[in-house]
Amino acid sequence: MAKSTDFPEGFAHYPLYFSPEEQTALIDAVKAATQTAPFFQPRMPRTGAPLSVVMSNFGTLGWVTDKEAGYRYEPTHPITGAPWPPLPDLLTKLWREVADWPDLPEACLINWYRAEGGKDGAKMGMHVDSDELAVNAPVVSISLGDPAMFRIGGPKRGGPTQGVKLMSGDVVVLAGAARRCHHAVSKVYYGESALVPKGGRLNLTMRRVNV
DNA sequence: AAGTGGCG
DNA sequence: CAGT
């Protein structure tokens with residue numbers, strides 16, 4: 001009998017990993033980066049349906065998606081054509097501290113969840129990260145701003161899930177079996193934090209793409 | 001289906 | 001910290 005506290009092997013949650021000062025520094029880094037790499041609206045393959053978050057990236061590669069070519073990593077911004085801004089040192093440091101992986105991440109996706117992004121604000125449906133060649137490299141995630149409910153299930157869709165509320169400054173690592181598990185952001189508690197300019201939640205997700 | 005929305 |  002599985003207990004309700006049984007998260008998948010390889011799932012790790014570090015509450016309040018970053019101090020308020022560090023959180024502000026990370027938000028300032030996002031603010032600076034998105035002046036040259038502005039947030040864009042990602043769209044589903046084939047249907048062109050918009051995702052409710054808006055996105056940008058740090059790093060030598062960035063995750064993008066559009067109707068025509070779908071999910072992929074690209075070295076340049078889809079609108080400006082410019083390279084993505086470099087990964088902030090604080091994030092490189094975090095990866096070295098928690099990832100337990102020999103290579104540094106090429107990609108850091110910036111997802112901005114806003115109250116305006118849909119009926120209950122922006123959310124993220126159940127999915128598995130599967131656009132990386134480095135399928136076993138950990139995914140390292142940082143939460144900033146409004147709290148969110150993160151859900152993680154198993155390797156197949158539709159099974160039971162576990163939930164954990166993520167606060168600003170929290171870090172989550174998906175390694176091992178958890179790296180291949182479906183996960184989602186089922187709810188954001190909008191209006192609880194004033195950290196993010198114009199409100200909402202910023203999620204930074206570092207990934208190793210190439211082996 | 002990395003979609004949204006309404007219903008029960 | 002589970003709705004289907």
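Just so it is clear: chains get the letters A, B, ... in the order the sequence lines come, proteins before strands, and each one is counted from 1.
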When we call it a touch if two heavy atoms are under 4.0 Å apart, what does A:N203 touch: a base, just sugar-phosphate, or nothing? nothing
Does a side-chain N-to-carboxylate-O contact under 4.0 Å join A:R72 and A:D66? yes
In terms of side-chain geometry, is the basic nitrogen of A:E132 or A:R179 positioned less than 4.0 Å from the acidic oxygen of its partner? yes
For A:Y71, which contact category applies under a 4.0 Å heavy-atom criterion: base, sugar-phosphate, or nothing? base
Rounded to whole angstroms, how far apart are CE on A:M44 and P on B:dA1? 8 Å
Describe the nucleic acid contact of A:R72 in one word from base, sugar-phosphate, nothing, applying a heavy-atom distance below 4.0 Å. nothing
Heavy-atom count check: over 12 atoms from other residues, nucleotides or ligands less than 6.0 Å from A:D100 CG? no
What is the distance from CZ of A:R114 to C1' of B:dT4, rounded to the nearest Å? 16 Å
Separation of A:N111 atom CG from B:dA2 atom P, in whole Å? 14 Å
To the nearest Å, how far apart are A:N57 CG and B:dA2 C1'? 14 Å
With a 4.0 Å cut-off on heavy atoms, is A:R151 in touch with a base, just the backbone sugar-phosphate, or nothing at all? sugar-phosphate
A:L51 CG to B:dT4 P: how many Å, rounded? 7 Å
Rounded to the nearest 0.5 Å, how far apart are CG of A:L166 and CG of A:L144? 11.0 Å
Which nucleotide sits closest to the side chain of A:K119: B:dA2, B:dG5, B:dG3? B:dG5
Quickly work out the A:H127 NE2 to B:dG3 P distance and round it to whole Å. 8 Å
Contact class for A:P42 (heavy atom, under 4.0 Å): base, sugar-phosphate, or nothing? nothing
Taking only the P atom of each, what is the distance from B:dG6 to C:dA2 in whole angstrom? 23 Å
To the nearest Å, give me how far apart CZ (A:R180) and P (B:dA2) are. 19 Å
Under the side-chain contact (heavy atoms from CB on, under 4.5 Å) test against A:Y14, which residue among A:V140, A:V172, A:V171 passes? A:V171
Atom CE of A:M124 to atom C1' of B:dG3: distance rounded to whole Å? 11 Å
If you assign A:R157 and A:S52 each to the DNA chain B nucleotide with the nearest heavy atom, which residue ends up on the more 5' nucleotide? A:R157
